Amino acid sequence: MTTVRRLITRAVLALRNFEQWLVAQLVFGLLNVLKLFPADGAMNFADRFGRFVGPKTGRHQLMLTNLRNAFPEKSEAELTVIAMDSWGNMGRMAAEYVFLDRLFDFDPFSDKVGRVEVEGVPIFIDLYENRRPFIVFTGHTGNFEMLPVAGAAFGIEVTVLFRPPNNPYIAEKVFEFRRARMGNLVPSHAGSSFSLARKLDAGEPVGVLVDQKYRKGLSTSFFGRPVHTNPLLAKLVRQFDCEVYPARCIRLPDNRFRLELEPAMEIPRRPDGAIDVDATAQKLNDKVEQWVREYPGQWLWYHDRWDIKKTVKTVKA
């Protein structure tokens, strides 16, 4: 009986592995087809494709539930528009992976207007000329993948913490792509905090996405609803007392982008002067919420930030 169970387990794992491989090949095939077209045409097609396919998936119901909870004052028609924009945003991101080298055309030493504009150039220059450890954070807004590329354009190599896709075949390709264009990468796992701490201790900058789902962590709120927030960034600030810079990407009309690096954030402290970790985590959430409210269709509403998937019956666990 044990032998039979072992064979069944192996068969199930092999089938799952094949399924992941097949999905990866389909994704790679679609991206390779997009390479054959001009960047603008490919991005526009990917937008339409995302808007067509997204609503037909189970995740669409989760997206609408998230939107209803976040914007109870909006009508169903308004929420549907935001949801469709979000699916289009995800479609565009897939196409932009293919053309990222060509899309980022900002030259800090030229007055020529290109596809990408940057706000916060004096901050970039200061961080380059006065090297010191710092943390830059962002959320899943616009094409957030462009931010490390912008740093590299100013000669600033930021070590970025990222969560690999669940599909191992896609994860490997994404890692290779990002590493070639964005410098140092630290996959999110149990030892990632030590890797980032070593970089800061060596006087180097790190980058973190702060709006990912986190099952444990600090009790905070996001859009007025309780969420758990990863305490990593707040604890690193407490350990190194370094500057923290908010940064985001905003999609503009005609397939253009604006990258914003904001001034260093004032970090909350307790009466004894120590960093207030809980208040810092909440302040990060508040900043991302401010960004999302400004451009709601440019955030990834399909992910389960509030851990409510079990209450949405049409979404598979």
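None of the values given here were measured: they were computed from a predicted structure.
- A95 and A42 make their closest contact through CB-O, 3.9 Å (heavy atoms, listed as atom of the first residue, atom of the second, distance).
- Here CZ of R198 is found 11.0 Å from OG1 of T159. Values are rounded to the nearest 0.5 Å.
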Q. Going through the checks in order, is the side chain to side chain contact (heavy atoms under 4.5 Å, CB included) test met by K213 and V227?
A. CA-CA 8 Å; K213 178 182 175 180; V227 293; over 6 Å; no
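- A continuous path of ILVMFWY side-chain contacts below 4.5 Å connects I267 to V206, so both sit in one hydrophobic cluster.
- Salt-bridge annotation for R251 and D47: absent, with no side-chain N of the basic residue lying under 4.0 Å from a carboxylate O of the acidic one.
- Looking at residues two or more places apart in sequence or on another chain, you find no salt bridge (Lys or Arg N to Asp or Glu O under 4.0 Å) involving D107.
- Taking the six-membered ring wherever Trp is involved, the centroid distance between the rings of F49 and W87 does not fall below 6.0 Å.
- With contacts defined as side-chain heavy-atom distances shorter than 4.5 Å, the pair L209/H140 qualifies.
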Q) Given the rule in the salt bridge (Lys or Arg N to Asp or Glu O under 4.0 Å) test, do D40 and R115 qualify, once you have shown the distances and angles that lead to the verdict? A) CA-CA 11 Å; D40 287 295; R115 189 186 293 273; 3.1 Å; yes
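- Residues L103 and V116 are not in side-chain contact: their nearest non-hydrogen atoms beyond the backbone lie 4.5 Å or more apart.
- When side chains are defined from C-beta on, N69 counts as touching I308, because their heavy atoms get closer than 4.5 Å.
- With hydrophobic clusters built from ILVMFWY side chains whose heavy atoms lie under 4.5 angstrom apart, F45 does not share a cluster with M84.
- With respect to the salt-bridge test (charged N to carboxylate O, under 4.0 angstrom), the residues K287 and E262 qualify.
- Interatomic distance, T229 OG1 to Q282 CD, rounded to the nearest 0.5 Å: 7.0 Å.
- For L200 against P133, the heavy-atom pair with the smallest separation is O-CB, 3.5 Å.
- Geometrically, K216 does not engage Y214 in a cation-pi contact, judged by NZ or CZ lying under 6.0 Å from the ring centre and within 45° of the ring axis.
- Within 6.0 Å of the CZ atom in F124, the count of heavy atoms belonging to other residues, nucleotides or ligands exceeds 12.
- Of the options F222, F144, W291, a ring-ring contact (aromatic ring centres under 6.0 Å, His included) to W299 is made by F222 and by none of the others.
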Q: Decide side chain to side chain contact (heavy atoms under 4.5 Å, CB included) for V292 and F223; before the verdict, give the C-alpha distance in whole Å, the side-chain angles of both, and the deciding distance to 0.1 Å.
A: CA-CA 10 Å; V292 176; F223 279 86; 3.7 Å; yes
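- Hydrophobic clustering places L300 together with F71 (ILVMFWY residues linked when any side-chain heavy atoms are closer than 4.5 Å, directly or through intermediates).
- No single ILVMFWY cluster, assembled from side-chain heavy atoms under 4.5 Å apart, contains both L236 and V277.
- Hydrophobic clustering (side-chain heavy atoms under 4.5 Å, transitive across Ile, Leu, Val, Met, Phe, Trp, Tyr) keeps I135 apart from L218.
- For the pair R269 and I275, the minimum side-chain heavy-atom distance is below 4.5 Å.
- Under the 4.5 Å side-chain criterion, counting only non-hydrogen atoms from C-beta, L62 is in contact with R59.
- Here the side chains of V210 and T138 are not in contact, with every heavy-atom distance at 4.5 Å or above.
- One distance of note links CZ of R258 with CG of L252; it measures 5.0 Å at 0.5 Å rounding.
- In summary, D272 and R270 engage in a salt bridge, as defined by a charged side-chain N under 4.0 Å from a carboxylate O.
- Counting only heavy atoms from C-beta outward, the side chains of D126 and R132 approach each other to under 4.5 Å.
- Here the side chain of N230 pairs a donor or acceptor atom with the backbone of L232 at under 3.5 angstrom.
- Atom CZ of F137 is separated from atom CE of M265 by 3.5 Å, given to the nearest 0.5 angstrom.
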Q: Show your working on side chain to side chain donor-acceptor pair (under 3.5 Å) between E96 and N143 and close with a plain yes or no.
A: CA-CA 8 Å; E96 289 159 4; N143 189 336; 2.7 Å; yes
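- Rounded to the nearest 0.5 angstrom, L161 CG and S193 OG are separated by 9.5 Å.
- From Q298, atom CD reaches atom SG of C249 across 7.5 Å, with rounding to the nearest 0.5 Å.
- Around NZ of K235, the count of heavy atoms belonging to other residues, nucleotides or ligands within 6.0 Å does not exceed 12.
- Pairs passing the ring pair (Phe, Tyr, Trp, His ring centres under 6.0 Å) check and including a residue from residues 239-266, sequence neighbours excluded, read F134-Y245.
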Q: Step by step, work out the side chain to side chain contact (heavy atoms under 4.5 Å, CB included) result for I82 and E78.
A: CA-CA 7 Å; I82 296 173; E78 291 174 309; 5.6 Å; no
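- Inter-residue side-chain proximity for V136 and P205 is flagged as unmet; no heavy-atom pair is nearer than 4.5 Å.
- Across H228 and G217, no two heavy atoms sit closer than the pair CD2-O, 3.8 Å.
- The residues D307 and R215 are annotated as salt-bridged, a charged nitrogen and a carboxylate oxygen being separated by less than 4.0 angstrom.
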Q: Would you please test E289 and N285 for side chain to side chain donor-acceptor pair (under 3.5 Å) and show each step?
A: CA-CA 6 Å; E289 180 178 332; N285 284 356; over 6 Å; no
(Q) Could you go through R248 and T141, starting from their C-alpha distance and side-chain angles, then the distance that decides it, and tell me whether this counts as side chain to side chain contact (heavy atoms under 4.5 Å, CB included)? (A) CA-CA 7 Å; R248 64 169 169 169; T141 59; 4.0 Å; yes
